[in-house]
Amino acid sequence: MDLVGACRAFVSVSEYGGFTDGAAAAGMSQSVASRRIAALEERFGAQLFERTSRRPVLTPFGRDMLASAVQLVHAADVLLAEAEAVKHQPWRLAVPATCSAAALARLVAEARGHGVRLDIRPAGPSRRKELLHAHQVRAALLAVPAQEASWSVPLGLAGVRDGGARRIHVETLRLGRASKGPARRIWIQPEDDVPHIRDPLTRLRDAAGLRPGQVLAAPDLTGAAAEVLCSDDLLLCSRAQADELALVWLPIGELTPRRGYALTVTADGDPLPMADRLGEAIARCLSAEDPGGDGEREET
């Protein structure tokens, strides 16, 4: 027996004072309401309504049971509402702070087309990991080496000067004895201040004979971009970022650093809606190359 359905019929008929109106209010036919109430009476072993009058009248037993039936129906309605809310709960996703507002808006819009609601949380690499481990987000695009990534973004150096070259070699930034003016610096923004990007560039700095202060980690992208815009300094960035900042972007001659990203979900999260439905949309948001790998996801 559907206990909740039977109690819903019992409560509604009692409230509306008739089987026809009560059944309609409960979203069922009169015959279904009658059968459910009869089944409930059989289960209880006592009548809920007097059968002698034209309109249903509660028996003393029915009056005593009505309050409990109302509570059960209300609890069932609350449970169903909560289940529906959980099903439509947005995916709280931590993304790189380098993603532009326009790119994130397109990602959210595309996700809705796939039946996924996103709550975007832009953050730096370490903060994204913290948010995931603290279960403050359901998933995060974590920074990983390119060979472990599902999406990768080639990086180069960007500056205000257009020298007509096709590549820029870090060794050309070395100051000679006759060099005048300040040394040109390479600024590493927070998104790229991770070992698999920072360390190879630092080793290249040393091998090329640059000064330690010529490769610097910036506390924020805005400050780094400002330094580049008012000097001959260079910003380590993606081509998309260079275009956004109106800078001239060139690949690095000695190496090709890449941002790598992998979608990681909390242990209780289901990665399928994100990775399977939104892989291409995430790639566009990151300005990444075609997604690599087979879309495997890891849990934390």
Side-chain angles (χ1 to χ4, degrees), residues 94-101 103-104 120-132 140-160 167-171 173 183-208 210-229 231-264 282-289 291-292:
V95 302
T98 53
C99 295
S100 69
L104 292 174
I120 298 295
R121 299 298 172 93
S126 59
R127 180 56 179 163
R128 295 198 299 274
K129 187 178 293 186
E130 292 172 0
L131 290 171
L132 187 72
L141 290 168
L142 297 186
V144 298
Q147 62 269 23
E148 302 173 15
S150 296
W151 302 274
S152 67
V153 183
L155 300 177
L157 296 176
V160 295
R167 290 180 177 272
I168 184 166
H169 293 266
V170 171
E171 64 180 13
L173 306 182
R184 298 179 73 190
R185 297 171 293 183
I186 296 174
W187 290 93
I188 301 175
Q189 57 186 290
E191 184 61 29
D192 301 321
D193 191 12
V194 291
H196 57 272
I197 296 177
R198 179 190 63 239
D199 293 352
L201 188 60
T202 301
R203 289 193 293 268
L204 176 59
R205 175 202 65 190
D206 296 339
L210 273 64
R211 298 175 179 177
Q214 285 186 260
V215 176
L216 299 172
D220 58 76
L221 173 58
T222 301
E227 292 286 347
V228 171
L229 288 169
S231 70
D232 280 339
D233 287 354
L234 299 166
L235 177 68
L236 182 69
C237 64
S238 67
R239 185 187 293 271
Q241 282 185 299
D243 292 342
E244 185 178 354
L245 294 167
L247 298 174
V248 179
W249 186 92
L250 292 173
I252 302 174
E254 296 94 340
L255 79 168
T256 305
R258 291 176 179 270
R259 292 175 188 155
Y261 294 103
L263 177 67
T264 308
I282 291 172
R284 285 190 290 272
C285 182
L286 296 171
S287 299
E289 296 179 335

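If you read the sequence from its start, that first residue is 1, and numbering goes on from there.
- Summarising the geometry of P122 relative to L104, their closest heavy-atom pair is CG-CD1, 4.2 Å, with the distance given to 0.1 Å.
- A 4.5 Å side-chain heavy-atom check between I197 and I188 finds every atom pair outside the cut-off.
- The backbone N or O of A146 lies less than 3.5 Å from no partner atom in the side chain of H196, so there is not a single donor-acceptor pair.
- Side-chain contact between V160 and L247: present, with at least one pair of heavy atoms (C-beta onward) separated by less than 4.5 Å.
- Two residues are said to be in side-chain contact when any heavy atoms from C-beta on lie closer than 4.5 Å; D243 and R239 meet this criterion.
- Between I282 and Y261 there is no side-chain heavy-atom pair separated by less than 4.5 Å.
- Contact annotation: the side chain of I186 never approaches that of L216 to less than 4.5 Å [non-hydrogen atoms, C-beta and beyond].
- Counting heavy atoms from C-beta on, the side chains of I252 and P257 come closer than 4.5 Å.
- Taking CG of L201 as the reference point, atom CG of L155 lies at 9.5 Å (rounded to 0.5 Å).
- Using a 4.5 Å heavy-atom cutoff, the side chains of V228 and D233 are in contact.
- Put simply, the side chain of Q214 gets close to the backbone of L173: a donor and an acceptor are under 3.5 Å apart.
- Within 6.0 Å of CZ in R211 there are 12 or fewer heavy atoms belonging to other residues, nucleotides or ligands.
- Side-chain contact between Q189 and C237 is present, with at least one heavy-atom pair separated by less than 4.5 Å.
- Taking the charged nitrogens against the carboxylate oxygens, E191 and R259 have no contact shorter than 4.0 Å, which rules out a salt bridge.
- Remark: side-chain polar atoms of R128 are not paired, donor with acceptor, to backbone N or O of L142 under 3.5 angstrom.
- Electrostatic pairing of R203 and E254 does not count as a salt bridge here, judged by no charged N lying under 4.0 Å from a carboxylate O.
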